[in-house]
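One structure below.
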Amino acid sequence: MTRIRPLRRADIPQLQAIDQVAHGESWSEAAFVDQITRADFRHLVAETEAGDIVGHAGVWRDGRALRITNVAVDADAAGRGIASSLLLDLLTHARDCDRLELEVRPSNRGAQRLYSRFGFAPVGVERGFYDRSDATGSRDALVMAVADPTSAAWRERIDALRRTIDDRTRSNDTNKGEAA
Ligand SMILES: CC(C)(COP(=O)(O)OP(=O)(O)OC[C@H]1O[C@@H](n2cnc3c(N)ncnc32)[C@H](O)[C@@H]1OP(=O)(O)O)[C@@H](O)C(=O)NCCC(=O)NCCS
């Protein structure tokens, strides 16, 4: 079982270690501290019962737009719905936003699949967005957005996704309990 809670200062070294593996680089300590202290940021972590951080995600509130700033999950904890749960929590708090946006590497198909389940669709390309090239030599970002997060259809999609993730997490936990 993992629980989702707001980022604390003491978590920062664990987040930096996760990001080094997930992204090949990490934000500075000061950048993470901003995530805690600034009112326009919200940053959540996923923590195991043993107190280990296995994932994190954040958003930046830019007027009526909400931008996803970072999502990363420890490779050992991947495929258990942790990124989905973090995003569900962050996006549920975005009910009055009229635009949701993010940037993702065009080569990062797994993350794009995750975001498309939340209704994000490609809307453009930002050339030279990343400081570092990826394995394909590209520094470009694919921009993905949810055009109308205030619509009933999008809210229903998010509610359905939450039910699916909750069901799968419950069944994973039950199977783990039976195997123990
Ligand atoms: C992309 C990333 C954030 C996904 O994290 P994750 O926690 O594995 O994501 P989820 O578990 O929510 O979803 C991944 C898969 O597990 C499945 N899944 C979701 N909940 C599940 C559950 N409870 N049990 C089993 N599988 C589940 C999802 O359906 C999804 O399937 P897919 O591979 O067909 O898309 C992670 O791989 C990562 O950190 N990558 C490197 C950094 C990165 O790319 N960040 C995003 C771009 S900035």
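Remember, it's a predicted structure, so these values are computed and weren't measured experimentally. Just follow the structure's listing: the first ligand is 1, and inside any ligand the first atom is 1.
A side-chain contact (heavy atoms from CB on, under 4.5 Å) with Leu88 is found for one member of Asp159, Ile158, Ile4, Asp166 and no other, namely Ile158. The residue from Gln14, His43, Gln35 that alone fulfils the side-chain hydrogen bond (donor to acceptor under 3.5 Å, both in side chains) condition with His56 is His43.
For the residue pair Trp154/Asp148, the side-chain donor-acceptor check at 3.5 Å is not satisfied. With 3.5 Å as the limit, one finds no donor-acceptor pair spanning the side chains of Asp98 and Thr150. Side chains of Arg162 and Thr92: a donor-acceptor N/O pair is present below 3.5 angstrom, by distance only.
With hydrogens and angles disregarded, no donor-acceptor distance shorter than 3.5 Å links the side chain of Arg127 to the backbone of Phe129. Checking side-chain atoms of Asp11 against main-chain N and O of Arg8 turns up a donor-acceptor pair under 3.5 Å. Between the Ser133 side chain and the Arg139 main chain, no donor and acceptor come within less than 3.5 Å of each other. The backbone N or O of Phe120 sits nowhere less than 3.5 Å from a side-chain atom of Ser116 that would complete a donor-acceptor pair.
Taking a cut-off of under 4.0 Å to the non-hydrogen atoms of Ile82, the atoms of ligand 1 that pass are 7 (O), 11 (O), 12 (O). Remark: ligand 1 atoms within the under-4.0 Å shell around heavy atoms of Ala72 are 39 (O). Below 4.0 Å from some heavy atom of Ala111 lie the following atoms of ligand 1, by number and element: 46 (C), 47 (C). Every atom of ligand 1 with a heavy atom of Thr169 under 4.0 Å away is listed here by number and element: 23 (N). Using a 4.0 Å cut-off to heavy atoms of Val73, the atoms of ligand 1 that qualify are 5 (O), 7 (O), 38 (C), 39 (O). Below 4.0 Å from some heavy atom of Ile165 lie the following atoms of ligand 1, by number and element: 19 (C), 20 (N). Atoms of ligand 1 lying under 4.0 Å from at least one heavy atom of Asn108, given by number and element, are 43 (C), 44 (O), 47 (C). Taking a cut-off of under 4.0 Å to the non-hydrogen atoms of Ala22, the atoms of ligand 1 that pass are 41 (C), 42 (C).
Considering backbone and side-chain N/O of His23, none are found under 3.5 Å from N/O of ligand 1.
In Val71, the parts holding a heavy atom less than 4.0 Å from any atom of ligand 1 are both the side chain and the backbone.
Using a 4.0 Å threshold on non-hydrogen atoms, atom 9 (O) of ligand 1 counts as touching the protein. By the definition of a contact as any protein heavy atom under 4.0 Å away, atom 5 (O) of ligand 1 is in contact.
Among protein heavy atoms, atom 24 (N) of ligand 1 sits closest to Asn172 ND2, 2.7 Å. For atom 2 (C) of ligand 1, the closest non-hydrogen atom on the protein side is Ala83 CB, 4.5 Å. In terms of protein heavy-atom proximity, atom 12 (O) of ligand 1 is nearest to Ser84 OG, 2.5 Å. Closest to atom 37 (O) of ligand 1 among all protein heavy atoms lies Ala78 CB, 4.9 Å. Gly81 CA, 3.0 Å is the protein heavy atom nearest to atom 20 (N) of ligand 1. The protein heavy-atom contact nearest to atom 17 (C) of ligand 1 is Arg168 NH2, 3.8 Å.
Not a single heavy atom of Glu103 sits less than 4.0 Å from an atom of ligand 1. The shortest separation from a heavy atom of Tyr130 to ligand 1 is not under 4.0 Å, leaving the residue out of contact. Contact between Gly79 and ligand 1 is present, with at least one heavy atom of the residue lying under 4.0 Å from the ligand.
The heavy atom nearest to atom 28 (C) of ligand 1, out of those in Arg117, Arg113, Arg105, is found in Arg117.
A cation-pi geometry, defined here as NZ or CZ lying under 6.0 Å from the six-membered ring centre and within 45° of its normal, holds between Arg105 and Tyr130.
Counting heavy atoms from C-beta on, the side chains of Val54 and Thr2 come closer than 4.5 Å.
When the salt bridge (Lys or Arg N to Asp or Glu O under 4.0 Å) test is applied to Arg117, no partner is found at least two apart in sequence or on another chain.
For the residue pair Val104 and Ala111, the shortest heavy atom distance occurs at CG2-CB, 3.9 Å.
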